[in-house]
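The next block holds one structure in the form of structure tokens; read it before the comments.
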Amino acid sequence: QEETVVQPRNDEKRILSHVAVLEGAPALSEYWSLFDTNESLFNEARTTQAATIVFSLTQNNQIESMARQIHTLRRQRGSVLKIVVRENNTSLRATDERLLLGCGANMVIPWNAPLSRCLTLIESIQGQQFNRHVPEDISTLLSMTQPLKLRGYQKWDTFCDAVSNMMNNTLLPADGKGVMVALRPVPGIRIEQALTLCRPNRTGDIMTIGDNRLVLFLSFCRINDLDTALNHIFPLPTGDIFSNRMIWFEDNLISAEIVQMKMLEPEQWGKPLLVASDSKPVLNATHDGHVWRRVPEPLRLLSDAEERAS
Ligand code: C2E
Ligand code: C2E
Ligand code: C2E
């Protein structure tokens with residue numbers, strides 16, 4: 001238990017920063033101290049009271065440990081400390097940003113803000129007091145970033161249960177839990193065939209088939225990003241596969257649709273085609289993070305025997 005002695009806040013002007021934040025520039029004034037690692041920055045920050053602490057995030061695998069450091073600082077050092085995360089060349093998911101802010105960061109500075117703008121933003125929080133509540137136990141916050149451990153095809157009832165659990169989870173942001181889309185295939189494509197073209201990558205993205213529809217739930221996807229997400233998931237433009245789509249993105253509308261879906265008789269539930277695991281994918285393409293690329297296949301024009309004969 002910490003003693004609640006009011007200490008003088010004479011470190012108010014100090015800025016403790018990861019060296020990467022200044023992109024090679026030296027300390028900007030006597031108030032700046034630069035650290036080679038977030039770990040050494042954190043250790044020094046534990047002795048501060050009202051200083052500004054600037055972490056640098058360069059890899060997604062740093063998110064959890066940084067969240068823990070921020071949580072510790074905010075819980076132990078109080079509300080006058082100014083904690084900033086600078087994204088260096090990596091782009092955070094919205095859920096990650098929410099986690100860091102929930103752990104007690106005042107601000108996350110996006111990777112595409114240039115250094116000058118970054119410095120102005122650091123200036124802008126001087127004198128600020130952190131007012132949001134930070135839960136004592138960080139595991140509550142961590143569990144919110146990936147509540148659904150499922151990915152890909154689910155049976156109709158499993159899908160409905162998973163989505164209703166998400167909707168009923170009060171720790172998740174209201175009307176920000178994800179988007180649900182129902183797609184009906186163009187004439188000539190069976191729903192089971194359309195399913196083979198649906199390839200979610202991200203944990204938390206699930207789908208099911210039934211009643212001649214493919215229903216997808218994309219965790220934490222925002223409505224304005226729906227097409228980006230669908231482009232990651234389908235190797236063909238969705239307009240070529242589906243003639244009709246319906247979209248739900250508010251909690252009560254998603255829940256109401258799930259209630260409807262739960263009434264579908266099991267005979268109407270779709271069954272995925274049995275695909276042997278070593279069979280060729282329907283479309284030989286992989287997603288490289290930007291676009292789907294077809295994978296070239298070597299082809300020999302003459303058989304070995306004919307080649308030798310010539
Ligand atoms: P982006 O790829 O342009 O995606 C923008 C937003 O579309 C994402 O914001 C998310 O809301 C939605 N989205 C895109 N693809 C999917 C998907 O497959 N499933 C779901 N459920 N939603 C999707 P978000 O999450 O804030 O991510 C922001 C940016 O961070 C992404 O922009 C991407 O550049 C990067 N990113 C996030 N996660 C990953 C990842 O696992 N791998 C890679 N390579 N980049 C990622
Ligand atoms: P995951 O969340 O299951 O995502 C698996 C793969 O889906 C990613 O592999 C990436 O190829 C694709 N993906 C998911 N979301 C997006 C997106 O928004 N945009 C793009 N372009 N691709 C997306 P990757 O990148 O190798 O990541 C592997 C795992 O590492 C991810 O599994 C996740 O657990 C973690 N990860 C990667 N980036 C982020 C991130 O920005 N935030 C968090 N929290 N985790 C991340
Ligand atoms: P896109 O540029 O619209 O091309 C669509 C499809 O047309 C390609 O699908 C491929 O089947 C065919 N295609 C286009 N240009 C050529 C070409 O010069 N030679 C051959 N043999 N076929 C061509 P694919 O391969 O699945 O690529 C999908 C998308 O990925 C392309 O759309 C493009 O945006 C991007 N991409 C693929 N390869 C390259 C590349 O070498 N350079 C660039 N900058 N982008 C590429």
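Separation of atoms CD1 (Ile70) and CG (Leu81) is listed at 10.5 Å; rounding is to 0.5 Å. Atom-to-atom distance recorded for Met167:CE and Ser255:OG is 6.0 Å, nearest 0.5 angstrom. Atoms CD1 and CD, on Ile254 and Glu257 in that order, are 10.0 Å from each other to the nearest 0.5 Å. In this structure, the separation between CG on Leu301 and CG on Leu299 is 6.0 Å, given to the nearest 0.5 Å. Atom OG1 of Thr48 sits about 12.5 Å away from atom CD1 of Ile15, to the nearest 0.5 Å. To the nearest 0.5 Å, atoms NE2 (His71) and CG (Leu100) are separated by 12.5 Å.
Hydrophobic clustering (ILVMFWY, side-chain heavy atoms < 4.5 Å, transitive): Leu115 and Leu57 are in distinct clusters. By the criterion of side-chain heavy atoms lying less than 4.5 angstrom apart, applied directly or through intervening Ile, Leu, Val, Met, Phe, Trp or Tyr residues, Tyr153 is grouped together with Val179 in one hydrophobic cluster. Grouping the Ile, Leu, Val, Met, Phe, Trp and Tyr side chains by contacts below 4.5 angstrom, directly or via other members, places Ile83 apart from Val54. There is no path of hydrophobic side-chain contacts, each under 4.5 Å, that joins Ile206 to Leu218. Criterion: ILVMFWY side-chain heavy atoms under 4.5 Å apart, direct or through other members. Under it, Ile233 and Leu226 are part of a common hydrophobic cluster.
Side-chain N or O atoms of Asp251 include none that pairs as donor or acceptor with a backbone N or O of Ala174 at under 3.5 Å. A donor-acceptor pair is defined here as one N or O able to donate and one able to accept, closer than 3.5 Å; no such pair exists between the side chain of Glu97 and the backbone of Ala94. Using a distance-only test at 3.5 Å, with no hydrogens or angles considered, a donor-acceptor pair links the side chain of Trp269 to the main chain of Leu264. When atom types are taken as modelled, the side chain of Asn169 and the backbone of Leu171 share a donor-acceptor pair closer than 3.5 angstrom. Judged by distance alone, the side chain of His18 and the main-chain N or O of Leu34 form no donor-acceptor pair under 3.5 Å. Not one N or O on the side chain of Asn165 forms a donor-acceptor pair closer than 3.5 Å with the backbone of Ala162. Panel note: side chain Arg74, backbone Gly78; a donor-acceptor pair is recorded below 3.5 Å. The main-chain N or O of Ser164 is found under 3.5 Å from a side-chain atom of Asn168 such that the two form a donor-acceptor pair. With hydrogens and angles ignored, the 3.5 Å screen pairs no side-chain donor or acceptor of Glu87 with any backbone N or O of Pro110. Proximity of a side-chain donor or acceptor of Ser17 to a complementary backbone N or O of Val19 within less than 3.5 Å is not detected.
Comment: Glu64 engages Arg68 in a salt bridge, judged by a side-chain N to carboxylate O separation of less than 4.0 angstrom. By the 4.0 Å N-to-carboxylate-O rule, Lys82 lies too far from Glu123 to be salt-bridged with it. Under a 4.0 Å N-O distance rule, the pair Arg77/Asp11 does not qualify as a salt bridge. Salt bridge status for Arg151 with Asp205: absent, with no side-chain N to carboxylate O gap under 4.0 Å.
For the 3.5 Å distance criterion, the side chains of Asn106 and Arg132 fail to qualify, holding no donor opposite an acceptor. Between the side chains of Gln154 and Thr208, no donor N or O sits under 3.5 Å from an acceptor N or O. In the model, Thr52 has no side-chain atom that pairs as donor or acceptor with a side-chain atom of Lys13 under 3.5 Å. Asn88 and Ser56 are linked by a side-chain donor-acceptor pair at a separation below 3.5 angstrom, with hydrogens and angles left out of the test. No hydrogens or angles considered: a donor-acceptor pair under 3.5 Å links the side chains of Gln69 and Glu39.
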(message) Apply side chain to side chain contact (heavy atoms under 4.5 Å, CB included) to residues Met66 and Ile63 and explain how you reach the verdict.
(response) CA-CA 5 Å; Met66 191 175 295; Ile63 294 166; 5.9 Å; no
(request) Dump the intermediate steps for side chain to side chain contact (heavy atoms under 4.5 Å, CB included) on Leu22 and Trp32, then the final yes or no. (result) CA-CA 10 Å; Leu22 292 184; Trp32 283 74; 3.8 Å; yes
(request) Check the pair Asn231 / Thr228 against side chain to side chain contact (heavy atoms under 4.5 Å, CB included), numbers first and verdict last. (result) CA-CA 5 Å; Asn231 283 336; Thr228 308; 5.8 Å; no
(request) Test side chain to side chain contact (heavy atoms under 4.5 Å, CB included) on Asp225 and Asp227 and set out the steps. (result) CA-CA 6 Å; Asp225 288 321; Asp227 287 318; over 6 Å; no
(request) Kindly indicate, with the supporting measurements, whether the criterion salt bridge (Lys or Arg N to Asp or Glu O under 4.0 Å) is fulfilled by Arg86 and Glu23. (result) CA-CA 11 Å; Arg86 168 59 157 161; Glu23 300 170 16; 3.4 Å; yes
(request) Walk me through it: do Asp157 and Lys262 pass the test salt bridge (Lys or Arg N to Asp or Glu O under 4.0 Å)? (result) CA-CA 7 Å; Asp157 52 345; Lys262 281 184 171 168; over 6 Å; no
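A 4.5 Å side-chain heavy-atom check between Cys118 and Ile122 finds at least one atom pair inside the cut-off. Using a 4.5 Å cut-off on side-chain heavy atoms (C-beta onward), Leu273 and Leu195 make no contact. Under the 4.5 Å side-chain criterion, counting only non-hydrogen atoms from C-beta, Met207 is in contact with Pro200. Two residues are said to be in side-chain contact when any heavy atoms from C-beta on lie closer than 4.5 Å; Met261 and Trp156 meet this criterion. Between Leu216 and Met180 the shortest side-chain heavy-atom distance does not fall below 4.5 Å. Counting heavy atoms from C-beta on, the side chains of Arg245 and Ile247 come closer than 4.5 Å. For the pair Leu92/Trp111, no side-chain contact is recorded, criterion being any heavy-atom separation below 4.5 Å from C-beta on. Counting only heavy atoms from C-beta outward, the side chains of Met166 and Leu148 approach each other to under 4.5 Å.
Annotation: Phe55 is not in aromatic contact with Phe35 [ring centroid separation under 6.0 Å not met].
Pairing each heavy atom of Arg199 with each of Ala285, the nearest pair is NH1-O, 3.6 Å. Val108 and Leu101 get closest at one heavy-atom pair: CG2-CD2, 4.2 Å. In plain terms, the two heavy atoms of Phe234 and Ala194 that are nearest each other are CE2-O, 4.5 Å. Looking at every heavy atom in both residues, Trp248 comes nearest to Val181 through CZ3-C, 4.3 Å. Between Ala229 and Cys221 the shortest heavy-atom distance is CB-SG, 3.9 Å. Here the closest heavy-atom approach between residue Pro185 and residue Asn212 is recorded as CD-O, 3.6 Å.
By the 6.0 Å and 45° rule, Arg222 does not stack over the aromatic ring of Phe249.
The local environment of CD in Glu136 is sparse, with at most 12 non-hydrogen atoms from other residues, nucleotides or ligands closer than 6.0 Å.
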